[in-house]
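Beneath this line is the structure, given in structure tokens, with notes to follow.
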Amino acid sequence: MPARSISIVMPIYNEEALLDELFSRMLRVFDSIQTEFGLVCEWVLVNDGSRDHSLEMMTAKASSDSRVAIIDLSRNFGHQPAIQAGLEYASGDAVVVMDGDLQDPPELIPELIRSWQAGNKVVVAQRRSRAERGIKGMLFGLFHSMLGKLSDMKMDTGSGVFGLMDRRAVNDLLKLHERNRFLPGLRAWVGYDPAEVLYDREERAAGKPKQSFARLVKYGFDAIFSFSLKPLRAIWTLGFIVSTFSFFYALYLLLMRLFNINVVAGFTTPTVAILLLGGVQLISIGILGEYLGRIYDEVKQRPHYIIKEVIRRPNAD
Ligand code: UDP
Ligand code: MG
């Protein structure tokens, strides 16, 4: 059966400043998709507990346009859980995930669709350039190169959530139930040899970034610790190196004692050894704790989000 529909999933948190521009740009793209590809569009806006007028503005849109669906979450759950809510609701033959701050340009969607129609099950929008400058941009760059080296599997490190997945790939992705979600990683895990479409990432259209720095750090940790066991193995290697060194050093000290060479009660050596090993141990325990906390999070088996209401006009036609 030929593909008939496409869903766009978008998380929204306090975006009133740019919603009008978002509506007009998206709906223009929808019209072009309908004429060029003959696909029915469904726009799944996930309201992630916004405290401004975002919900009212979106509800007004949804009440006049049956293509727009709003999933109103019971509180702010965060970027990734909001996307998960949208993915579970979306019904399209393909699903596009993108941020709602216009950093992911809607005008790129037709290109993603073209690549999908050429047979690609997963299409990733790869950033040719990144809008973030200065320290934040540098940290992003550092994070992505670290993730590339640490990750236990090959990951396209320049991409964010923006991309398209065929229904098959979406269903596969929805089978992954882990709670600490890093969509670019999960999407890579699902496979299907992702195709790439390049784009220039824009500045957000208005308003401030809604992800706090702490959230971004947590997101980065999710990426590394969910897709890599290398930090655990690093502890083992470190322990091995320190132990080998200590063994030979102990042997050396013993020989010195036996032959009575240079036996002075020292202060420096034990102090340095204690401080160094103390530091190594604390870091190691921290890394173990990181995995343990994640295991605890997973075994609680809480839902990823709670839906307060789904707002959608019944389809008139
Ligand atoms: N967002 C969300 N919940 C949050 C934080 C952000 O749904 O708790 C949405 C936000 O409205 C935007 C997208 O996720 O559509 C990306 O957020 P932001 O631009 O703040 O993140 P950044 O670009 O800094 O990674
Ligand atoms: Mg943004």
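As the structure lists them, so they are numbered: ligands from 1, and atoms in each ligand from 1. We number each residue from 1, following the sequence as shown.
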Distance-only N or O hit between ligand 1 and Asn76, under 3.5 Å = yes
Asp101 OD2 and Gln103 OE1 subtending at the Mg ion (ligand 2) (10° steps) = 100°
Where on Met10 is there a heavy atom closer than 4.0 Å to ligand 1, on the side chain, on the backbone, on both, or on neither?
-> neither
Report, in ascending order of atom number, the atoms of ligand 1 lying under 4.0 Å from any heavy atom of Pro209.
-> 20 (O), 24 (O)
Determine, for Arg168 against Asp172, whether the closest basic-nitrogen to carboxylate-oxygen distance falls under 4.0 angstrom.
-> no
Gly100-ligand 1 polar pair, N/O distance under 3.5 Å | yes
Under the 3.5 angstrom rule, does the side chain of Ser54 hit a backbone N or O of Glu16 as a donor-acceptor pair?
-> yes
Can you spot which of Asp52, Asn76, Asp48, Asn47 makes a side-chain contact (heavy atoms from CB on, under 4.5 Å) with Asn14?
-> Asp52
Do any nitrogen or oxygen atoms of Pro11 lie less than 3.5 angstrom from nitrogen or oxygen atoms of ligand 1?
-> yes
With heavy atoms of Arg201 as the reference, note each atom of ligand 1 found under 4.0 Å away.
-> 23 (O)
Top protein contact for atom 6 (C) of ligand 1, by heavy-atom distance = Lys210 CB, 3.7 Å
Cationic N near anionic O, under 4.0 Å, Asp200 to Arg128 | yes
Contact region, Ile12 to ligand 1, non-hydrogen atoms below 4.0 Å, reads backbone
Relative to atom 18 (P) of ligand 1, which among Lys208, Arg215, Arg204 owns the nearest non-hydrogen atom?
-> Arg204
So which protein heavy atom does atom 14 (O) of ligand 1 come closest to, and at what separation?
-> His79 CD2, 3.0 Å
Going by an N to O cut-off under 4.0 Å, is there a salt bridge joining Lys210 and Glu15?
-> yes
Are the charged groups of Asp31 and Arg67 less than 4.0 angstrom apart, N to O?
-> yes
Would you mind checking which non-hydrogen protein atom is closest to atom 19 (O) of ligand 1, with the distance to 0.1 Å?
-> Asp101 OD2, 2.5 Å
Please write down residue, atom name and distance for the protein heavy atom closest to atom 21 (O) of ligand 1.
-> Gln211 CG, 3.1 Å
For atom 23 (O) of ligand 1, which protein heavy atom lies nearest, and how many Å away is it?
-> Gln103 OE1, 2.8 Å
Just jot down the ligand 1 atoms closer than 4.0 angstrom to any heavy atom of Asp48, in number order.
-> 2 (C), 3 (N), 4 (C), 7 (O), 8 (O)
Measure the distance from atom 1 (N) of ligand 1 to every protein heavy atom, then report the residue, atom name and distance (to 0.1 Å) of the closest one.
-> Tyr13 CB, 3.7 Å
Does the pair Arg294/Asp297 count as a salt bridge with the N-to-O cut at 4.0 Å?
-> no
Closest heavy-atom contact between Leu18 and Leu102?
-> O-CD1, 4.5 Å
Report yes or no: do Tyr219 and Gln80 form a side-chain donor-acceptor pair below 3.5 Å?
-> yes
Is it true that Asp99 and Arg201 make a salt bridge, defined as a side-chain N closer than 4.0 Å to a carboxylate O?
-> yes
Nearest heavy atom to atom 13 (C) of ligand 1: which of Leu102, Asn47, Leu45, Asp99 does it belong to?
-> Asp99
With backbone taken as N, CA, C and O and side chain as the heavy atoms from C-beta onward, which portion of Met98 lies under 4.0 Å from ligand 1: side chain, backbone, both, or neither?
-> neither
Any side-chain donor near an acceptor of the partner, Asp104 and Tyr199, under 3.5 Å = yes
Any idea which of Glu15, Glu203, Gln80 brings a heavy atom closest to atom 11 (O) of ligand 1?
-> Glu15
Lys/Arg N to Asp/Glu carboxylate O, Arg312 vs Glu42, below 4.0 Å | yes
